[in-house]
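Values below: all heavy atoms of this structure, side chains included; hydrogens, waters and symmetry mates excluded. Within every chain, numbering begins at 1; the chains are lettered A, B, ... in the order of the sequence lines, protein sequences first and strands thereafter.
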Amino acid sequence: MEKNKDFLEFLVSHSKRYGFIFPSSEIYGGINAIYDYGEYGVALKNNIKDFWWKSMTQIHDNIVGIDSSILMHSDVWSASGHVQKFNELLIDNKDSKKRYRPDLLIKNHVEKFFYKNEKKRKEILSRLYDCLSNNNLLGIKDLIHELNIHDPISHTNHWTDIKYFNMMFKIEDHRKKNLFLRPETAQGIFINFQNVIKSNRMKIPFGIAQIGKSFRNEIVARQFLFRLREFEQMEMQFFILPEEEKFWFKYWKNMRMKWHLLFNLGDEKYRFIENTHLPHYASLGTDIEFNFPFGFKEIESIHSRRDFDLIKHENYSKKNMKVFDKSKKNYFPYVIETSLGLDRCFFTIFSSSLKKEKINNGKIRTVLKIPSFLSPIKAAILPLVKKDGLPEIAKKLFNNIKFDFKLLYDHTESIGKLYRRQDAIGTPLCFTIDYDTCKNETVTVRYRDSMKQYRIHINEIKDVIKKETELKSILRKIHN
RNA sequence: GCGAGAAUAGCUCAGUUGGUUAGAGUACGACCUUGCCAAGGUCGGAGUCACGGGUUCGAAUCCCGUUUCUCGCUCCA
C-alpha cells in the first residue's frame, strides 16, 4: 500500500512536470478535485475521445452523435428525477468517527431484526419512504433512535444530525430561474430523441453518442483524476425494443469490455461488477472496474434505463416521446446506456503505462508506454549533434512530414537526453539525423519500448510512423 | 463533514537546541564541448519557507487560527 502511495505521488508529479495535468487555480492555492490538462494531457485525452467517437459513430452505422448544451431547462432535471433523488443523506457516529447513509442503516436493521415480522417491517419501511419523499430528516433521525440502532464499530448510538446534499450545482440566471450544471450528459440525449429520429431517419434499434462535461457537487472528491467535481463523460444511449432488453444489455456489456481491452493494458486489470443497488433510473446494471494504484474502481457503467426517462419526459413536456412501428404501433423503446468517465479512462491508461525501468547500463529510465495510437507526439525528429548542419537537415525533414503527423523537433540536449524526454511523454518513435544522412539519406529509427534502432531511408519515415501509430488497425479489431 | 498525516525553487528534497544574505540535486536560459541512450564545463534567472496572527532582541524552526493536498469512512463516471 505504501508502495502504491509512492507510485501515485510519482504519477501526479510526472504529469505536472511533463505538461499532462496541472492542479486548477494553483496560483490561488488550488481548488479541490478540479484539474487542468496541459499540452500533452489534452492531446492524449483528445486521442481517447477520437477513438471512442469513431468506435461508436463510425463503426456502427446506426449510432449518431450529438453535442447538447450543459445548461438545460430546469424541468429536465425535475423530469429526470435528479432534483428529488440525486442526493446524499449522511449521518456520522460521534464515537467511531464513521459515516453512514441513514436510509441504509434503517434498511439493514430491519432486515436483520424484523425479517420474520412482515407487518412491522413494512410499517417501518413505509415511514422511512414517507420521510425520504418529504425530505423529513428529523423523522429519519427519530426512526434511528426509536429502533435504537447502534454503530457496528463503536456499538454506541451517539449520532450527529442527518445532513442533506443535492449533488447538482445550482446556478441562477438574471431572471432568477434555477439552472443546473448537468450532472450527466444523458438527459441532453433524451430531450433530443425525437429531433435525432426525424433529422437522421433513425429506426429502432439505434444509438445516440455524446461526449461532454458534467458536474457533481461531491461532498468528498479526491484520488487525483478519479473523483472530480467537473469531469467529462462519453455516453451512448442505445434505443431498443423492450423485449430485447437482455440481449442488448449483454451485447453492450461485452462490446464495451472489448473496447477497453484494445488499450492492451493487461486483461487482468479489468473486471465486471454487477450492481447491487441501482440508481433511481435503472433496472439492470454492471460496472467495468479497473485496477488503479489504489485498487479496483469503477470506470464505466452499463445500465438498462428501460423507458424511465422517455416516459418521464413525455409526462413533463406533454410531447410525444414514443416511436411508431407497424406491428407494435406506438411504444416507448427501452434504453441501454453505456457511460464512461473520460478522465478515469485517461487515468487507467496513464497509471498503467508509466514505468520506471532498469536498462542494460544499470540506470533507471522513466518511460510512458501508452498505446502508440494515443501518443500526444507520434514521432520526434532529432539531430545527433547540434553542429555541422545536422539541425538544419532535421528541421527541414520535420517541416516536410509535419502535415501528416504530430511531430516534435528538439536539439537542445545530448541525444541520450532527448530520447529520454520522448520516453517520458510516450513518443513511440525517434528519427535521428546523423552524418550518414548527408551521404545517403538514411536515418536511424529508435523504438520507445525496446530502445532498438534500425537504419532506414528518409522516404520510409512516413510509412513507419503510419504503421506504428494509426488508429485504423485498432478500429478494425472492434468488429472482429 | 469527522479522524490521521503533510506543505521549503518548475520537480525531488536538506536545513542542527530559534541565530548572518535559506541550500543541494535536477529542470530551465545562454555559450563552449559532444558520433546514439538522462555525458562534461562556464555563466545566469528562479523561493513573501502555503496564508494570517502571536511569543522573542531574533522565527522556515515554537504557539494559535485558516487554506490546500494525501489517506480512511459515504457516494459515484
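The residue A:Y435 sits close to a base: some heavy atom pair falls under 4.0 Å. Within 4.0 Å (heavy atoms only), A:N93 reaches no atom of the nucleic acid at all. Heavy atoms of A:E232 sit nowhere under 4.0 angstrom from any nucleic acid atom. A:F431 comes within contact range of no nucleotide atom at all, as no heavy-atom separation falls under 4.0 Å. Residue contacts for A:K16: at a heavy-atom cut-off of 4.0 Å it reaches the sugar-phosphate backbone alone, with no base atom in range. Contacts of A:L90 with the nucleic acid, taken as non-hydrogen atoms under 4.0 Å apart, involve only primed sugar atoms and P, OP1 or OP2. Residue-level contact check: A:L342 touches neither bases nor backbone, having no heavy atom under 4.0 Å from any strand. Residue-level contact check: A:R421 touches the backbone only, with heavy atoms under 4.0 Å from sugar-phosphate atoms and none from bases. Among the atoms of the strands shown, base atoms are found under 4.0 Å from some heavy atom of A:T444. Using a 4.0 Å heavy-atom distance criterion, A:L418 is classed as making no nucleic acid contact. Residue A:E184 is classed as having no contact, given no heavy-atom separation below 4.0 Å to the nucleic acid. Among the heavy atoms of the strands, none lies under 4.0 Å from A:A186. Among the atoms of the strands shown, only primed sugar atoms or phosphate atoms (P, OP1, OP2) are found under 4.0 Å from some heavy atom of A:E413. A:Y18 comes within 4.0 angstrom of a nucleotide base, judged by non-hydrogen atoms across all strands.
Look at A:K387 and you won't find any side-chain N or O under 4.0 angstrom from OP1 or OP2 of B:U33. At the phosphate of B:C75, neither OP1 nor OP2 sits under 4.0 Å from any side-chain N or O atom of A:N217. When the side-chain nitrogen and oxygen atoms of A:S339 are compared with OP1 and OP2 of B:A77, none of them lie within a distance under 4.0 Å. One finds a side-chain N or O of A:K363 lying less than 4.0 angstrom from the OP1 or OP2 phosphate oxygen of B:A38. The shortest distance between the side-chain N/O atoms of A:S13 and the OP1/OP2 oxygens of B:U12 is below 4.0 Å. Between A:R420 and B:A38, a side-chain N or O to OP1/OP2 separation shorter than 4.0 Å is present.
In the set B:A77, B:U34, B:C37, the nucleotide with an atom closest to the side chain of A:R446 is B:C37. Checked against B:C11, B:C37, B:A77, the side chain of A:F231 finds its nearest nucleotide in B:A77. Distance from the side chain of A:Q233 is smallest to B:A77 among B:C37, B:U34, B:A77.
Using atom C1' as the reference point in both B:G47 and B:A22, the two lie 9 Å apart (nearest Å). The gap from the C1' atom of B:C71 to that of B:G53 amounts to 30 Å, rounded to the nearest Å.
The partner of B:G45 cannot be assigned: no Watson-Crick or G-U wobble pair with both contacts below 3.5 Å exists in any strand. Pairing partner, B:G58: none, since no Watson-Crick or wobble contact has both distances short of 3.5 Å. With a cut-off of 3.5 Å on both pairing distances, the Watson-Crick or G-U wobble partner of B:G1 is B:C73. Across all strands shown, B:U34 has no partner, as no Watson-Crick or G-U wobble contact with both distances under 3.5 Å is found. Base pairing annotation: B:U17 forms no Watson-Crick or G-U wobble pair, as no partner gives both donor-acceptor distances under 3.5 Å. With a cut-off of 3.5 Å on both pairing distances, the Watson-Crick or G-U wobble partner of B:G65 is B:C51. Taking a pair to require two hydrogen-bonding distances under 3.5 Å in either a Watson-Crick or a G-U wobble arrangement, B:A24 pairs with B:U12.
Figure legend: cation-pi geometry between A:K297 and A:F292 absent, as NZ or CZ is not positioned both under 6.0 Å from the six-membered ring centre and within 45° of its axis.
The 5' end of RNA chain B is approached more closely, in terms of each residue's nearest nucleotide, by A:E26 than by the other of A:N361 and A:E26. Looking at which nucleotide of RNA chain B each of A:G341 and A:D423 is closest to, the 5′-most match is held by A:D423.
Looking at every heavy atom in both residues, A:Y40 comes nearest to A:P376 through O-CG, 3.6 Å.
A donor-acceptor contact under 3.5 angstrom links the side chains of A:Q237 and A:E337, judged on distance only. Residues A:Y100 and A:N93 have side chains that never bring a donor and an acceptor to within less than 3.5 angstrom of each other.
Within 3.5 Å, no donor on the side chain of A:Q223 pairs with an acceptor on the base of B:C71, nor the reverse. You won't find any donor-acceptor pair under 3.5 Å spanning the side chain of A:R101 and the base of B:C73, going by distance alone. Within 3.5 Å, no donor on the side chain of A:E298 pairs with an acceptor on the base of B:C76, nor the reverse. For A:Y419 against B:A39, no side-chain N or O and base N or O form a donor-acceptor pair under 3.5 Å. One cannot find a donor-acceptor pair under 3.5 Å joining the base of B:C76 and the side-chain atoms of A:D287. Taking only distance into account, the side chain of A:R227 meets the base of B:C76 through a donor-acceptor pair shorter than 3.5 Å.
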Verdict with reasoning, A:H60 to A:W259, per ring pair (Phe, Tyr, Trp, His ring centres under 6.0 Å): CA-CA 13 Å; A:H60 297 87; A:W259 186 87; over 10 Å; no

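Of the residues A:T432, A:L384, A:D410, the one that meets the side-chain contact (heavy atoms from CB on, under 4.5 Å) test with A:L418 is A:D410.
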